[in-house]
Amino acid sequence: MEEEVGMSIVTSMREKIRLRVIEALMRARDAKKISYRQLPEFVVEVPRDKTHGDFAANIAMLLAKEAKTSPRNIAQLIADNMQNEDGFLEKVEVAGAGFLNFFLNTSWIYEVLPKVIAEDQRYGTSAYGNGEKIQVEFVSANPTGLLHMGNARGAALGDALSSLLEAAGYDVTREFYINDAGNQIDNFGRSLEARYLQLHGQDALFPEDGYHGEDIVDTVKNIIEQVQDKYLNIDSELRREFLIQKALEEKLASIRYDLARFGVDYDVWFSEQSLHDSGIISQTLQELQEKDYIYEKEGALWFKSTIFGDEKDEVMVRSNGIPTYFAADIAYHRNKFERGFNQVINIWGADHHGHVARMKGAVTALGYNADNLQIMLMQLVRLYRDGDIVRMSKRSGQYITLSELIDEVGKDAARYFFVMRNPDSHLDFDLDLAKEESAENPVYYVQYAHARINSIIKAFTGEMPCGNEVDLSVLKEQAEVELIRKIADLPDEIIGAAISREPHRMTRYAHELASQFHSFYNSCRVLTDDQDLRNARLLLVDATRITLRNVLELLGISAPERM
RNA sequence: GUGCCCAUAGCUCAGUUGGAUAGAGCAACGGCCUUCUAAGCCGUGUGUCCGGGGUUCGAAUCCCUGUGGGCACGCCA
């Protein structure tokens, strides 16, 4: 049975209609006016076109074949047999190919506002997820450098998705996987060492594939300030070990700082090195060996990922005995499921799409359901400045950092831009455009609505009316009714965006809500002399404020009180 | 070459998972401030939904195929 508590008003209207449709059909069948065995899955949806009613159902078209009669006949039969003693339905129409259009008695929409105001910060949230544990791993950038635009997109998407899932009633853990082991760390060490020696006037050779970025030089300069030339005449391996440790500390601190500035707050920072240290990697390897998913070839150990649809098998342990990144990642994913997450979501750049099949294969091999590992791929970000594409490469150190992005564009605009687009499409980020504080920037449109509301509330000197004491049925203007309906949609919008893993739906919703408000603002005056109307509109405006603020909060965007 | 992703208005993109006459923003043009913020509102028009087949009551959406673009194909991560 559906739990009645916490269900949104829109959902309960939808369910009420669904029930009455089913009852009507059964009544018609009892009266031998129609025959069918099984009821098809049908939808009760809010039609795009307002003239098609508040809700519409497609059941007649789906039942036509089985019932051996025309969709319009079936729809008419349902309409004639609908129970409506309580006047819940204003009218029911048969339209188009056999749609049922339901026009509801408008009284239900006036329940929305008191509910929003009572729930306040909690409005929009629901218990849909039943507290199920979900982990979202995102960004997980190499700590050898600074965060770039791709990381920024991942941060905005991952954080918004996490917030959405939380609002939909899931128990969410935000996690950052720190790649502090493996080849790139060795490379990092050699790069640091070369810079350290160079900065002391020595003629050290910089590794070909090393980290050429200026930020590495700065890091080494900072270390030198602390230790001077103490590590100049010392065993190279010890020197590298020390430099790596100090540099990782600094890099990680700056990554944490930048993400915090971007409004992203992680629950867990998980070290890859800890998997090596604790022996979990070799344990996992052994388990896979026992299950016969591993074989040896040319001195290396391979995982049979081809049996899970991968293009080729993948090396787990190199011939030099060092496990690959893939081996560590498998151990990490085993660890995730062992920690009791029902679902695990990874946000990856699309350049990693080749790993999806083998990672899911590894999860299956370990005895877990691969469907519970969802990998959200996002296409890469292309950056434009002065009309030209800015080539970005971490190795060469040529890239715009998250930190610079926040300085230039601002957190709010940047986050809105990243979440606004479908992750499946390339994002052309025009820095000059995003910087512009003009109407071109959609985030201002939404924030402006919030600021306007606050300005109305400030201008009102009396006492805010109480939800239950106001007759809201005076809100009859089209702009008023449509605004209320948009407000009422929030809980279902959140659930829909959360379960489909599509945070970008929420920016659209935010924009539509703001649009509906601006339209209302221009056609209806809130602070009028008519006290009843004024009070009702004050409540409407306050509920809009709460809804807008809650959506912006989900997206990690501030809701300014004045602009 | 093989695999994955993308292709919708002049530009940037939505399109509620298969529904009714495909929508926003920007750009263009015309109107609206003595009023709670004009970073706003109202109006004007634009489509070979990349091409071609198929599935069905119904396709931008699902399947096949062709074209164009991006990405990946390492004992890197």
Side-chain angles (χ1 to χ4, degrees), chain A residues 43 45-49 51-52 56 58 60-62 64-65 70-71 95-99 101 140 142 144 179 182-185 187 209 272 297-302 309-312 314-320 322-326 328-329 349-357 377-380 382 420-428 430 433 437-449 451-460 479 489 492-493 496-497 500 502 504-505 507-509 511-512 514-515 517-528 537-538 541 562-563:
Chain A
V43 295
E45 63 178 0
V46 179
R48 212 197 318 261
D49 188 337
T51 64
H52 295 143
N58 63 346
M61 277 98 78
L62 300 173
K65 192 172 267 181
S70 79
F99 286 98
N101 293 342
S140 298
N142 279 337
T144 52
N179 305 137
N183 267 354
Q184 88 278 6
I185 292 296
N187 188 3
D209 56 348
E272 178 186 353
K297 193 179 88 182
E298 292 161 6
L301 293 181
W302 299 70
D310 199 5
E311 285 171 55
K312 53 182 77 166
E314 184 74 7
V315 172
M316 294 273 291
V317 181
R318 303 189 193 97
S319 49
N320 64 8
I322 298 173
T324 58
Y325 175 86
F326 181 52
D329 218 13
D351 53 338
H352 288 69
H353 72 255
H355 299 257
V356 174
L377 295 173
M378 45 164 200
Q379 298 296 323
L380 304 180
R382 275 190 304 234
M420 187 168 57
R421 260 78 154 211
N422 187 331
D424 272 338
S425 24
H426 292 273
L427 175 51
D428 291 336
D430 186 333
L433 189 80
E437 296 205 353
S438 70
E440 308 234 342
N441 224 323
V443 65
Y444 295 123
Y445 181 82
V446 178
Q447 290 180 319
Y448 185 53
R452 268 184 154 178
I453 293 171
N454 276 278
S455 148
I456 296 171
I457 291 171
K458 266 179 217 140
F460 175 61
D489 282 337
D492 297 276
E493 288 286 336
S500 61
E502 290 174 330
H504 68 276
R505 280 202 206 175
T507 53
R508 194 178 78 237
Y509 175 78
H511 193 273
E512 285 168 357
S515 168
F517 169 75
H518 285 310
S519 186
F520 158 81
Y521 182 91
N522 275 274
S523 62
C524 304
R525 194 176 164 78
V526 176
L527 303 178
T528 63
R537 284 181 175 168
L538 274 169
V541 148
R562 73 172 72 89
M563 286 172 76

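In what follows, chains are A, B, ... by sequence order, proteins preceding strands, each numbered from 1.
- Nucleic acid contact class of A/Ala357 (heavy atoms, under 4.0 Å, all strands): none.
- When the side-chain nitrogen and oxygen atoms of A/Arg318 are compared with OP1 and OP2 of B/A77, one or more of them lie within a distance under 4.0 Å.
- Taking 4.0 angstrom as the limit, A/Thr324 places none of its side-chain polar atoms (N or O) nearer than this to OP1 or OP2 of B/C76.
- Listed pair A/Arg48 / B/G19 fails the phosphate criterion, with no side-chain N or O lying under 4.0 Å from OP1 or OP2.
- Checked by distance alone, A/Asn101 brings a side-chain donor or acceptor within 3.5 Å of a matching partner on the base of B/A20.
- Residue A/Arg382 places its side chain closer to B/G70 than to any other of B/C13, B/G70, B/G15.
- Nucleotides B/U56 and B/G66 are separated by 24 Å at their C1' atoms, to the nearest Å.
- Contact annotation: A/Tyr521 reaches the phosphate of B/A38 (side-chain N/O to OP1 or OP2, under 4.0 Å).
- Taking the ring centroids of A/His355 and A/Phe326, they lie at or beyond the 6.0 Å cut-off.
- Here A/Arg452 reaches the OP1 or OP2 of B/A38: one of its side-chain N or O atoms lies under 4.0 Å away.
- When the P atom of B/C41 is taken as reference, atom OH of A/Tyr448 falls 9 Å away, rounded to whole Å.
- Not a single donor-acceptor contact under 3.5 angstrom links the side-chain atoms of A/Ser425 to the base of B/C6.
- Comparing A/Glu311 and A/Ala350 against RNA chain B, the residue whose closest nucleotide sits nearer the 5' end is A/Glu311.
- In a base pair of the Watson-Crick type (N1 to N3 plus N6-O4 or O6-N4) or a G-U wobble (N1-O2 and O6-N3), with each distance short of 3.5 Å, B/C41 is matched with B/G31.
- Between A/His518 atom NE2 and B/C36 atom P there is a gap of 17 Å when expressed in whole angstrom units.
- Checked by distance alone, A/His426 brings no side-chain donor or acceptor within 3.5 Å of a matching partner on the base of B/G69.
- Applying the Watson-Crick and G-U wobble criteria (two distances, each under 3.5 Å), B/C62 pairs with B/G54.
- The side chain of A/Arg537 places no N or O atom within less than 4.0 Å of a non-bridging phosphate oxygen (OP1 or OP2) of B/C36.
- When each of A/Ser519 and A/Asp49 is assigned the nucleotide of RNA chain B with its nearest heavy atom, A/Asp49 is the one assigned upstream, toward the 5' end.
- Here the closest heavy-atom approach between residue A/Asn58 and residue A/Val43 is recorded as OD1-N, 3.1 Å.
- Per the stacking criterion (ring centres < 5.5 Å, plane angle < 30°), A/Tyr445 does not stack onto the base of B/A39.
- If you check every strand for non-hydrogen atoms under 4.0 Å, A/Leu62 touches a base.
- Between A/Thr144 and A/Asn142, the side chains place no donor N or O within less than 3.5 Å of an acceptor N or O (distance only, hydrogens not considered).
- Here A/Gln447 lies out of heavy-atom contact (under 4.0 Å) with every strand.
- Side-chain N/O atoms of A/Asn183 include one lying less than 4.0 angstrom from OP1 or OP2 on B/C76.
- Looking at heavy-atom distances under 4.0 Å, A/Ser523 makes no contact with the nucleic acid at all.
- Aromatic stacking of A/His52 on B/A20: satisfied, with centres closer than 5.5 Å and planes within an angle under 30 degrees.
- Taking the centre and axis of the six-membered ring of A/Phe517, the NZ or CZ atom of A/Arg452 falls outside the cone set by 45° and 6.0 Å.
- Within the 4.0 angstrom heavy-atom criterion, no nucleotide atom of any strand lies near A/Glu493.
- For the side chain to side chain contact (heavy atoms under 4.5 Å, CB included) test, residues two or more places apart in sequence or in another chain that qualify with A/Leu301 are A/Leu285, A/Gln289, A/Ile294, A/Glu296, A/Val317.
- Taking only side-chain nitrogens and oxygens, A/Lys65 comes nearer than 4.0 Å to OP1 or OP2 of B/C57.
- Using a 4.0 Å heavy-atom criterion, one finds that A/Arg508 contacts the sugar-phosphate atoms exclusively.
- Under the Watson-Crick or G-U wobble criterion, with both distances below 3.5 Å, B/A7 is paired with B/U67.
- The side chain of A/Arg525 approaches B/U35 more closely than any other nucleotide in the set B/U35, B/A20, B/A77.
- Taking atom CG of A/Asn422 as the reference point, atom P of B/A60 lies 19 Å away to the nearest angstrom.
- Using the Watson-Crick or G-U wobble rule with both distances under 3.5 Å, B/U2 pairs with B/A72.
- Not one side-chain nitrogen or oxygen of A/Lys297 sits closer than 4.0 Å to the OP1 or OP2 atom of B/C75.
- If you check every strand for non-hydrogen atoms under 4.0 Å, A/Ala497 touches nothing.
- Side-chain N/O atoms of A/His504 include one lying less than 4.0 angstrom from OP1 or OP2 on B/G15.
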